[in-house]
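I have placed the structure first, in the form of structure tokens, so that the comments after it can refer back to it.
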Amino acid sequence: METNKLFIETYGCQMNTYDSEVVLSILQKSGYTICEGIEEADLILINTCSIRDNAEQRIWGRLDLFMTEKKKRRLYVGVLGCMAERLKDQLLSHPAVDMVVGPDAYRELPKIIALVKAGHREVETTLSTSETYADIEPVRMDKNGVTSFISIMRGCNNMCTYCIVPYVRGRERSRDPHTIVEEARTLFNAGYREVNLLGQNVDSYLWKDPNNPTESTNFAQLLELVALVSPDLRVRFSTSHPKDMSNGVLYTMAMYPNICTHIHLPVQSGSDRMLEKMHRKYDVAKYMERISKIREIIPDASITTDIIAGFCSETEEDHQATMKLMREVGFDSAFMFQYSQREGTVASKKFPDDVPLQTKTRRLNEIIEQQSAISLECNRKCIGNTYRVLIEGTSKRDAGHLFGRTLGNKVCVFPALGHKKGEYVDIKVESCTSATLLGYIVE
Ligand code: SAH
Ligand code: SF4
Ligand code: F3S
């Protein structure tokens with residue numbers, strides 16, 4: 001008898017997490033139920049990331065493991081997401097793979113699975129200019145039931161020269177705001193207390209009503225609509241782009257106490273020459289102007305960033321410029337990477353990947369080390385202050401402690417005192433590490 005048990009494994013960014021929930025929703029309607037381990041599964045879907053080479057290497061390793069499972073019993077394996085889109089039928093060269101389905105083709109999954117069960121191997125990677133899955137209510141797979149994601153747009157039009165995303169996610173398109181607000185409301189009614197609005201460049205969100213082209217909604221307006229769902233629903237968003245982040249968004253953030261005081265504003269490099277070569281369309285002066293504006297309008301905002309070490313032709317001077325910018329801004333935290341050349345991007349065609357691996361790694365380590373000191377310094381400034389924290393769950397280290405986040409996205413750990421996830425508490429910070437604030441509940 002067919003049992004139809006599905007196991008989904010998700011890699012990459014929050015968009016993939018969201019997409020896996022869309023996929024589960026689609027497949028539940030055709031009779032699949034989710035299971036906890038690959039041993040139980042009849043169908044394994046792996047939602048993949050192509051952003052750096054090591055992300056892809058990890059997936060190949062997983063496919064090898066699925067192959068050993070496949071030898072034991074009847075099992076189908078599908079590759080979804082960005083690597084599916086990038087490599088298409090090349091993925092069929094792996095014996096574990098029965099189907100390859102790109103990020104805009106998930107509605108086709110029931111059909112594709114039926115074909116696979118009939119003995120075919122299928123590849124569907126057509127990208128769309130309109131698909132936003134707006135009408136699909138994702139089936140949530142988060143563990144906490146408190147915080148969740150909502151995808152507000154798909155694709156990216158920016159063409160940063162190092163980046164594979166525009167090739168694997170297609171053109172940028174925004175989702176109907178009414179469906180976004182409805183989704184936020186549904187989450188709130190189900191007990192969720194935080195939504196994170198997702199897009200590769202949320203500042204370029206723009207919805208034009210197809211029935212009334214004079215009606216449009218920009219990101220600041222969308223943020224307000226979601227903030228109005230309930231004052232008890234926290235609203236986060238990512239990612240902001242320095243070239244597009246408007247004062248309008250900052251004023252909206254300042255106006256609603258439930259919009260989180262955190263901006264993730266990837267800088268990538270502190271060298272104008274590198275920024276130009278990366279095609280980021282801002283320079284250091286413009287970036288610093290955006291930082292001042294954030295600090296002026298939202299004085300207690302947390303600012304986080306992404307940094308790439310060792311991009312094509314990066315010199316020691318360029319690297320030092322990045323180190324300097326990091327100190328000047330004083331980022332609360334950062335995601336830091338070494339440049340990984342991606343086939344097909346403008347950089348891979350035009351610029352030699354000429355910074356030796358050893359140099360990339362050394363620069364990255366310097367960046368990480370410096371950031372850790374800066375993060376610690378930022379967190380130390382929080383000691384003695386009291387913050388409203390949304391409880392997300394039990395601390396991994398100590399069952400008697402809970403953890404949650406401040407409006408500024410800082411993780412706080414504190415003794416539970418009978419409180420539970422989903423509640424708001426005020427936490428007085430007593431001490432900290434570079435990654436966590438430690439404190440206690442003040443009633
Ligand atoms: N849309 C977001 C980020 C998407 S990818 C933005 O524009 O900021 C997340 C991060 O991965 C990027 O900010 C960048 O720092 C990093 N990244 C992207 N391509 C990379 C590459 N080829 N090598 C190393 N890091 C990369
Ligand atoms: Fe990639 Fe740039 Fe688009 Fe971000 S904005 S996803 S870095 S192309
Ligand atoms: Fe990776 Fe695709 Fe996200 S390449 S970072 S999963 S958009």
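For ligands, and for the atoms within them, numbers begin at 1 and follow the listed sequence.
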Residues [X] and [Y]: side-chain donor-acceptor under 3.5 angstrom:
| X | Y | value |
| --- | --- | --- |
| Ser174 | Glu172 | no |
| Ser302 | Asn409 | no |
| Asp244 | Asn201 | yes |

Closer than 4.0 angstrom: is that true for some heavy atom of Arg169 and an atom of ligand 2? no
Determine whether a donor-acceptor pair (N or O, by modelled atom type, separation under 3.5 Å) exists between the side chain of Arg342 and the backbone of Ser50. yes
Closer than 2.8 Å to atom 1 (Fe) of ligand 2 - protein N, O or S atoms, ordered by chain and residue number: Cys163 SG
Taking the six-membered ring of Tyr387, is NZ or CZ of Lys410 closer than 6.0 Å to its centre and within 45° of its axis? no
Compute both the distance and the angle, then confirm whether Arg52 meets the cation-pi test with Phe337: under 6.0 Å from the six-membered ring centre, within 45 degrees of the axis. yes
Under a 4.0 Å heavy-atom cut-off, which residues neighbour ligand 1? Ile51, Arg52, Tyr162, Gln200, Thr239, Pro266, Gln268, Arg280, Asp306, Ile308, Phe337, Gln338, Tyr339, Ser340, Arg342
Stepwise salt bridge (Lys or Arg N to Asp or Glu O under 4.0 Å) test for Glu316 and Arg363: CA-CA 9 Å; Glu316 215 47 42; Arg363 288 181 189 161; 2.9 Å; yes
Tested for side-chain contact (heavy atoms from CB on, under 4.5 Å) against Asp89, the lone hit among Val100, Thr125, Val123 is Val123
Straight-line distance of [X] [atom1] to [Y] [atom2], nearest 0.5 Å:
| X | Y | atom1 | atom2 | result |
| --- | --- | --- | --- | --- |
| Cys35 | Leu6 | SG | CG | 7.0 Å |
| Ser20 | Tyr106 | OG | OH | 7.0 Å |
| Leu222 | Phe237 | CG | CZ | 11.0 Å |
| Asp283 | Met274 | CG | CE | 14.5 Å |

Atom 1 (Fe) of ligand 3: protein N, O or S atoms [distance under 2.8 Å]: Cys49 SG
Does the side chain of Gln268 come within less than 4.5 Å of Tyr282's, by heavy atoms? yes
At a 4.0 Å cut-off, with the gap strictly under it, does some heavy atom of Gln200 reach an atom of ligand 3? yes
Pairs satisfying ring-ring contact (aromatic ring centres under 6.0 Å, His included), at least one member in residues 291-313, at least two apart: Phe311-Tyr339
